Amino acid sequence: DYEGLTYRPYNVGFNSLNLLNVFRNEGDPVAEGKNLILYETTSAGVDQLFNEVYVSVQGMNGYVIQLQAQPDYAVNRSSNTGSAILYSWNAAGNIADSAFERIDRYDQPAFRLKYGASKDQYLCYASDSPWARVYFSKSGLNRWDC
């Protein structure tokens with residue numbers, strides 16, 4: 001289990017300043033359904049710090065990427081849009097869209113969902129740029145630096 005991680009696109013030759021981020025206005029509460037995007041910063045704040053924890057919920061297990069400030073919320077796949085959102089992970093119905101299999105490639109992991117209708121979809125980013133969409137796809141295999 002790892003705490004206080006930042007997740008950024010992996011690119012050979014340079015370090016990206018774009019971090020996985022909870023998209024919300026300053027002062028807005030952390031809540032279920034908040035979209036995840038990439039956000040450019042040199043100093044990670046509460047919306048960019050995550051814990052990677054191996055969990056088991058009613059016989060389903062895998063890694064969840066929890067928001068460190070609110071560990072009941074984790075990276076999850078929106079059933080409506082396929083976007084990566086923040087959502088409660090600790091119930092059988094929710095863990096299916098939050099439980100990852102971590103696939104290490106040259107020490108840079110990719111994350112693939114393990115269960116449910118979205119099984120075998122990877123956590124992806126549209127581009128290594130600020131405000132880029134983070135989403136799930138069967139055809140994409142994005143690696144993350146974390």
Side-chain angles (χ1 to χ4, degrees), residues 1-55 61-91 93-146:
D1 296 348
Y2 300 97
E3 294 187 9
L5 296 176
T6 57
Y7 291 80
R8 67 186 84 226
Y10 175 72
N11 287 295
V12 177
F14 71 96
N15 290 326
S16 174
L17 297 177
N18 293 305
L19 301 178
L20 180 64
N21 176 76
V22 178
F23 182 68
R24 63 188 180 126
N25 294 321
E26 190 172 331
D28 282 354
V30 173
E32 287 188 343
K34 292 289 184 183
N35 285 317
L36 299 175
I37 62 168
L38 295 183
Y39 180 74
E40 186 175 25
T41 182
T42 56
S43 179
V46 295
D47 289 343
Q48 296 91 38
L49 293 173
F50 293 85
N51 298 332
E52 188 177 314
V53 180
Y54 192 81
V55 300
N61 54 47
Y63 289 95
V64 295
I65 301 173
Q66 304 169 321
L67 183 64
Q68 185 178 36
Q70 301 244 331
D72 286 342
Y73 294 127
V75 175
N76 185 284
R77 182 187 177 277
S78 167
S79 298
N80 296 331
T81 65
S83 293
I85 60 172
L86 200 62
Y87 210 80
S88 176
W89 62 269
N90 52 5
N94 298 348
I95 192 70
D97 284 330
S98 289
F100 289 105
E101 176 181 17
R102 190 173 203 255
I103 305 162
D104 287 323
R105 310 241 180 200
Y106 311 108
D107 296 327
Q108 304 305 323
F111 297 93
R112 180 173 59 204
L113 288 172
K114 289 182 70 175
Y115 301 104
S118 54
K119 179 181 176 184
D120 295 332
Q121 292 193 19
Y122 295 93
L123 182 62
C124 299
Y125 41 87
S127 65
D128 185 359
S129 57
W131 309 103
R133 180 177 180 240
V134 179
Y135 63 98
F136 288 86
S137 171
K138 284 191 176 201
S139 61
L141 177 61
N142 290 145
R143 294 185 296 160
W144 294 84
D145 185 14
C146 52

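This structure is a prediction, so every number in the text was calculated from the model and none was measured.
Side-chain atoms of Y125 come within 3.5 Å of backbone atoms of R143 as a donor-acceptor pair (strictly under, hydrogens ignored). In this structure, S98 contributes its side chain and V75 its backbone to a donor-acceptor pair below 3.5 Å. Using modelled atom types, no side-chain atom of W89 and backbone atom of I65 make a donor-acceptor pair closer than 3.5 Å. Side chain of R8 to main chain of S16: a donor-acceptor pair is present (N/O by atom type, distance under 3.5 Å, no hydrogens or angles). For S118 (side chain) and Q121 (main-chain N/O), no donor-acceptor pair under 3.5 Å exists by modelled atom type. The main-chain N or O of S139 is found under 3.5 Å from a side-chain atom of S137 such that the two form a donor-acceptor pair. Using modelled atom types, no side-chain atom of K138 and backbone atom of D120 make a donor-acceptor pair closer than 3.5 Å.
Each of D128, N18, D145 was compared with N11 under the side chain to side chain donor-acceptor pair (under 3.5 Å) criterion, and only D128 meets it.
Closest approach of L123 and A84 over heavy atoms only: CD1-CB, 4.0 Å. Closest approach of P109 and D104 over heavy atoms only: CB-OD1, 3.5 Å. I37 and W131 make their closest contact through CD1-CE3, 3.2 Å (heavy atoms, listed as atom of the first residue, atom of the second, distance). Across all non-hydrogen atoms, the minimal contact from C146 to E52 is SG-OE1, 4.4 Å.
The number of heavy-atom neighbours closer than 6.0 Å to CZ of F100, taken from other residues, nucleotides and ligands shown, is above 12.
Side chain to side chain, Y122 and N142 fail the donor-acceptor criterion of an N or O pair below 3.5 Å. Inspection of the N51 and E3 side chains reveals no N or O donor paired with an N or O acceptor under 3.5 Å.
Counting heavy atoms from C-beta on, the side chains of F23 and V134 never come closer than 4.5 Å.
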